[in-house]
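A short write-up of the structure that comes next.
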Protein chains: 2
Amino acid sequence: MAQVKNTYQFEDLLEKHQLKKTGARLRVLSMMYAKNTATSQPDLESVMHDIDRVTLYRILNVFEEKGIIHKVFDLNGTANYAVCSSGCHEHHHHDEHLHFNCTACKGVFCLNELSLPSINLPAGFQASGFTLYASGLCPKCSAR
Amino acid sequence: MAQVKNTYQFEDLLEKHQLKKTGARLRVLSMMYAKNTATSQPDLESVMHDIDRVTLYRILNVFEEKGIIHKVFDLNGTANYAVCSSGCHEHHHHDEHLHFNCTACKGVFCLNELSLPSINLPAGFQASGFTLYASGLCPKCSAR
DNA sequence: AATACTAATGCAACATGATTGCATTTACCA
DNA sequence: TGGTAAATGCAATCATGTTGCATTAGTATT
């Protein structure tokens, strides 16, 4: 879901994680918080032409390490990133929700409101995290 | 699960799908049926040095189209392929089972015996397929 | 068994995303 | 307002995925 924030809140967020408040990081944050779908690095590159690919790569990496965003792969296996819900902490992500891949618009939706039912694994398997993927049509695309 | 088959059965399998019985295809089949984890193309390349990358790529693609194997992404977003269970048909995969990624040995396990609980999606979303991913330690790695 | 036809393969080349090293710049604290 | 470590930009490399085309090989037919 889109979580509206202003620049001051983004600055606080960076400060909280001991990250310097740079223009690139603030722009990435504002873009990711403004949309309700996950964002791939190519998505960011197509908008922020003046920021180097490697810089974006490292921004996404450090945001993931700090628990600000989490990574989710789309149907092509390319990494997408979405703003974490409140349950995320550094080095301990809590993205056990449903990731919906729209086959038409290629959007990746994080449906945080859905909780996963408990799963019993076969003997010997020790799971540290679950992620449920669904593919199909998102509301906009299915309305056509 | 490892499904033991002999060469004649692999030839029948290819014939059934109107695919020519070539050495490369038979070797890929025997390797994939022999193991109980999913196989990436780099895995195949590291063993079958004499077969071209592109050939392996196309073999995996045609096997997936025919419903012989199905694709599953590992934690790095690279494609892995596993032998389909009985429920798979051409252009209509039935891989709605649990995919387990071992963070230690990097193995990808398809746990066909587990069926997914039913999921209620938010209004507007129309799902055509589900896949559940778990990450953690497989039996061998957790035993250490 | 020889032939012909189509599918399958190998090779070259290209595309995209991920990743590292290093020099330069910038944020921020003393 | 410097000084310092972090952040950025640039160049380069690697891995995987993908297409086109010439050659080879499987298979059906005679």
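Atom set for the values below is all heavy atoms of this structure, side chains included, hydrogens, waters and symmetry mates excluded. In what follows, chains carry the letters A, B, and so on, assigned in the order in which the sequence lines appear, proteins first and then strands, with residues in each chain numbered from 1.
Ring-centre distance between B:Phe100 and A:Phe125: below the 6.0 Å cut-off.
Atom P of nucleotide C:dA8 and atom CD of B:Glu65 are separated by 11 Å, given to the nearest angstrom. Atom CG of B:Leu60 and atom C1' of C:dT9 are 14 Å apart (whole Å). To the nearest angstrom, C1' of D:dG17 lies 15 Å from CZ of A:Phe73. For the pair A:Gln41 CD and C:dA18 C1', the interatomic distance rounds to 8 Å; values are reported in whole Å. We find that CD1 of A:Ile59 is positioned 13 Å from P of C:dA27, with the value rounded to whole Å. Counting to the nearest Å, the C1' atom of D:dC10 and the OH atom of A:Tyr57 are 16 Å from each other. Atom CG of B:Asp50 and atom P of C:dC11 are 11 Å apart (whole Å). We find that CG of A:Leu75 is positioned 15 Å from P of D:dG17, with the value rounded to whole Å.
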Check residues 20-28 of chain A and write down every donor-acceptor pair under 3.5 Å in which the side-chain atom is one partner and the other belongs to a residue at least two apart or another chain.
| from | atom 1 | to | atom 2 | distance (Å) |
| --- | --- | --- | --- | --- |
| A:Lys21 | NZ | A:Glu15 | OE1 | 3.1 |
| A:Thr22 | OG1 | A:Arg25 | N | 3.4 |
| A:Arg25 | NH1 | A:Lys20 | O | 3.1 |
| A:Arg27 | NH1 | A:Asp50 | OD2 | 3.1 |
| A:Arg27 | NH2 | A:Asp50 | OD1 | 3.0 |

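Nearer to the 5' terminus of DNA chain C, by closest-nucleotide assignment, is the contact made by B:Ala24 (compared with the other of B:Ala24 and A:Asn61). Both B:Glu45 and A:Gln18 sit near DNA chain D, but only A:Gln18 has its closest nucleotide nearer the 5' end. Taking the nucleotide of DNA chain D with the nearest heavy atom to each of B:Thr22 and A:Gly23, the more 5' of the two is matched to A:Gly23.
Connectivity analysis of hydrophobic side chains (ILVMFWY, heavy atoms under 4.5 Å, direct or indirect) links A:Tyr57 to nothing; its cluster partners are none.
Side-chain N/O atoms of B:Arg53 and base N/O atoms of C:dG10 include no donor-acceptor pair closer than 3.5 Å. Between the side chain of B:Arg58 and the base of C:dG10 there is at least one donor-acceptor pair of N/O atoms closer than 3.5 Å.
Taking only side-chain atoms of B:Asp52, from C-beta outward, the nucleotide of D:dT16, D:dC10, C:dC11 with the closest atom is C:dC11. Checking C:dG10, C:dA27, D:dT8 against every side-chain atom of A:Lys20, the shortest atom distance belongs to C:dA27.
Remark: the backbone N or O of B:Gly67 is not paired with any side-chain donor or acceptor of B:His70 at under 3.5 angstrom.
Rounding to the nearest 0.5 Å gives a distance of 4.5 Å between CD1 of A:Ile69 and CE of A:Met32.
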